[in-house]
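Quick notes on the structure that follows.
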Amino acid sequence: MAKFGRRGGAAVPPVKQVKLKLVHIDFFSALKMAFMVTLALGIATIIGFILLWALVSFTGLGASLNNLLAGLGLVDATSGVSQVATFAKVVGFAVGLSVFNMVLGTLLAGIWALVYNVIARFTGGLSVGFTNN
């Protein structure tokens with residue numbers, strides 16, 4: 001009995017399965033990939049901080065937070081969130097955090113690739129199955 005596809009009488013080809021082993025991760029490929037991923041996350045972090053600053057400064061949440069902190073006695077009435085968290089300071093902090101994350105993420109990905117390569121020599125690698133669907 002023939003197998004029929006969705007388009008009428010066309011036969012469905014059999015599913016071909018392949019099992020491969022990941023026995024080596026190229027160090028520089030891992031570094032390049034990690035750098036690009038952390039670069040994208042860094043850009044998202046900077047945009048997120050800018051949007052958060054805009055939300056706090058334009059909606060009056062900064063003044064409400066100042067009143068709350070002054071009521072609790074944590075800050076005096078003259079200094080507040082709007083004086084401390086200026087746009088330049090927020091963007092500077094976001095850029096610094098992004099650069100730190102980029103450097104640390106890239107280094108950790110390189111170390112992970114080296115560690116995986118050492119472990120894969122002893123264990124034979126990671127078995128992965130693929131199909132043509």
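The first residue in the sequence is number 1, and the count goes up from there.
Using a 4.5 Å heavy-atom cutoff, the side chains of Phe130 and Val128 are in contact.
In terms of heavy atoms, Ile25 sits closest to Ala113 at CG2-CB, 4.0 Å.
Between the CG atom in Leu39 and the CZ atom in Phe35 there is a gap of 5.0 Å [rounded to 0.5 Å]. Remark: Lys16 NZ to Asn132 CG distance equals 8.0 Å, nearest 0.5 Å. Atoms CG and CG, from Leu61 and Leu52 in turn, are 9.0 Å apart once rounded to the nearest 0.5 Å.
Clustering ILVMFWY residues whenever any of their side-chain heavy atoms sit less than 4.5 angstrom apart, transitively, puts Leu51 in a cluster other than the one holding Val56. No chain of hydrophobic side-chain contacts below 4.5 Å, direct or via other Ile, Leu, Val, Met, Phe, Trp or Tyr residues, connects Phe27 to Val23. Under the 4.5 Å side-chain heavy-atom criterion for ILVMFWY residues, a single connected hydrophobic cluster contains both Leu126 and Val18.
In this structure, Trp53 has its ring center no closer than 6.0 Å to that of Phe49.
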Could you walk me through whether Tyr116 and Ile119 satisfy the side chain to side chain contact (heavy atoms under 4.5 Å, CB included) test, starting with their C-alpha distance in whole Å, then the side-chain angles of each, then the deciding distance to 0.1 Å, before giving a yes or no? CA-CA 5 Å; Tyr116 180 82; Ile119 292 172; 5.6 Å; no

Would you mind writing out the side-chain donor-acceptor pairs for residues 84-109 within the sub-3.5 Å range, not counting sequence neighbours?
residue : atom : partner : partner atom : Å
Thr86   : OG1  : Lys89   : N            : 3.4
Ser98   : OG   : Gly42   : O            : 3.1
Ser98   : OG   : Ala94   : O            : 2.8
Asn101  : ND2  : Leu97   : O            : 3.4
Thr106  : OG1  : Met102  : O            : 2.7

